[in-house]
Amino acid sequence: MKQLLPFLFIFLFSFASCQKSNEELVKQEFKSYVQNNFDDPSSIREIVSILPADTMSVAILKDVLKRLIDTNELVTEMVDMNDSIFDSEIEKIATACHRGSNLSYSNRQDAARCIDQVAKLIYKKVPIQKRQDDALTNAMNYLHTDYQYQPPKYGYDIKFRQEVDGKITLKIYTAYIDSLSKDVTIQQGHWKIDGKDPNPQMRVVEKSVYDLSRVIDSWDEVNNSYKEINHKVRMITAKI
């Protein structure tokens, strides 16, 4: 076995050295693209950089989505908790008024305004709840979708300097590499191949992340409103 190890190492090193990096594949394909598509290939002065344009993978986005689902659950629990706190404080005020408490007219007006504000919050919660239900349904569907037969394409930005009319300008083209076949597509612009999105599954998960993030932002606004109202109500009940 020890005698085989040096040969195994040489074999693995030789195999690895034959494997071109994505950047090398992009550079090679870009040079070919320039020769075949540019009126004057010699106008390209230098390739400045070849860097990943889309480093987020579906797996990473799914992990983000899972975390957002957990965050949404925590935020909605806070909404329910603040709602319960308000109900409890208002009940104290109602009981005190029924027993003939000496709460001032101003305090009773403040309590009435707080009740009105919460009624508006309850009305505001209905569409947020609908958006949340839709976002969570889509999120769960995406999390259970198998993308193994839809290999992603990795995007790279190619920055290069080109001489045009005597002036050297910096330009950016985009390359896409199929993760399985390693086929490279070069194009001017960004994110479209033959008018189609190269990573439709990623866009789908991105939309779910965006929708759920907006829902969480809306719940945060509701929570902040509850906190302000509950602070006012507690100042009233402290006088009972």
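Sequence positions, counted from 1, serve as the residue numbers for this chain. Any value given below was found using the heavy atoms of this structure, including those in side chains, with hydrogens, waters and symmetry copies removed.
No side-chain heavy atom of Q117 sits under 4.5 Å from any side-chain heavy atom of E228. Between V79 and Q129, every side-chain heavy-atom pair lies at or beyond the 4.5 Å cut-off. Looking only at side-chain heavy atoms (C-beta outward), I115 and F86 come within less than 4.5 Å of each other. Between T95 and E91 the shortest side-chain heavy-atom distance falls below 4.5 Å. The closest side-chain heavy-atom distance from L68 to S213 is below 4.5 Å. Between I229 and L121 there is a side-chain heavy-atom pair separated by less than 4.5 Å.
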>> side-chain contact (heavy atoms from CB on, under 4.5 Å) for E89 and I85? Distances and angles first, verdict last.
In response: CA-CA 6 Å; E89 295 299 311; I85 290 172; 4.3 Å; yes

>> I'd like to know whether K171 forms a side-chain contact (heavy atoms from CB on, under 4.5 Å) with V164, so could you lay out the CA-CA distance, the side-chain angles of the two residues, the decisive distance to 0.1 Å, and finally the verdict.
In response: CA-CA 11 Å; K171 294 188 175 181; V164 181; 4.1 Å; yes

>> I'd like to know whether T174 forms a side-chain contact (heavy atoms from CB on, under 4.5 Å) with D157, so could you lay out the CA-CA distance, the side-chain angles of the two residues, the decisive distance to 0.1 Å, and finally the verdict.
In response: CA-CA 5 Å; T174 301; D157 282 337; 3.8 Å; yes

>> Before you tell me yes or no, could you show the steps for N138 and K207 under side-chain contact (heavy atoms from CB on, under 4.5 Å), namely the whole-Å CA-CA distance, both residues' side-chain angles and the distance that decides it to 0.1 Å?
In response: CA-CA 10 Å; N138 291 334; K207 184 179 184 304; 5.6 Å; no

> Can K27 and E24 be said to form a salt bridge (Lys or Arg N to Asp or Glu O under 4.0 Å), step by step?
Replying inline: CA-CA 5 Å; K27 186 175 183 178; E24 290 172 329; over 6 Å; no

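Distance CG/N22 to CD1/I177: 3.5 Å, rounded to 0.5 Å. Remark: M140 CE to L65 CG distance equals 9.0 Å, nearest 0.5 Å. Rounded to the nearest 0.5 Å, atoms OG1 (T76) and CH2 (W219) are 7.5 Å apart. Note: S42 OG to Q35 CD = 9.0 Å, rounded to the nearest 0.5 Å. To the nearest 0.5 Å, atoms CD1 (I50) and OH (Y156) are separated by 9.5 Å. Taken to the nearest 0.5 Å, the CG atom of L74 stands 11.0 Å off from the CE atom of M81.
Under a 4.0 Å N-O distance rule, the pair R113/D110 qualifies as a salt bridge. A salt bridge is absent between K66 and D70; no separation between the charged side-chain nitrogens and carboxylate oxygens falls under 4.0 Å.
Within a 6.0 Å radius of CE in M235, other residues, nucleotides and ligands contribute 12 heavy atoms or fewer. For R67, the CZ atom counts as loosely surrounded, since its 6.0 Å shell holds 12 or fewer non-hydrogen atoms of other residues, nucleotides or ligands. The 12-atom threshold is exceeded at CD of E163, counting heavy atoms of other residues, nucleotides or ligands nearer than 6.0 Å.
Cluster annotation: M78 and I69 are assigned to distinct hydrophobic clusters (Ile/Leu/Val/Met/Phe/Trp/Tyr, side-chain heavy-atom contacts under 4.5 Å, transitive). Both I122 and I128 are part of a single hydrophobic cluster, where members link through side-chain heavy atoms under 4.5 Å apart. If you chain together hydrophobic residues whose side chains sit under 4.5 Å apart, V209 and L136 fall into the same group. A continuous path of hydrophobic side-chain contacts links I47 to I186 [ILVMFWY only; heavy atoms under 4.5 Å].
Ring planes of F30 and F38: perpendicular class, angle over 60° (limits at 30 and 60°). Note on ring orientation: taking the six-membered ring where Trp is involved, the planes of Y173 and Y33 are perpendicular (angle over 60°, cut-offs 30° and 60°).
With N224 contributing its side chain and D220 its backbone, the two residues share a donor-acceptor pair below 3.5 Å. Between the side chain of N230 and the main chain of N82, a donor-acceptor pair closer than 3.5 Å is present. The closest donor-acceptor contact from the side chain of D116 to the backbone of A112 lies at 3.5 Å or more, if one exists at all.
Cluster partners of V48, by chain and number: L170. The rule joins Ile, Leu, Val, Met, Phe, Trp and Tyr whenever side-chain heavy atoms lie under 4.5 Å apart.
Checked against E221 for a salt bridge (Lys or Arg N to Asp or Glu O under 4.0 Å), the options K124, K227, K125 give a single hit: K124. Evaluated for a side-chain hydrogen bond (donor to acceptor under 3.5 Å, both in side chains) with Q132, the options D211, T137, N72 yield exactly one hit, N72.
When all heavy atoms are compared, the tightest approach of I236 to I93 is CG2-CD1, 3.8 Å.
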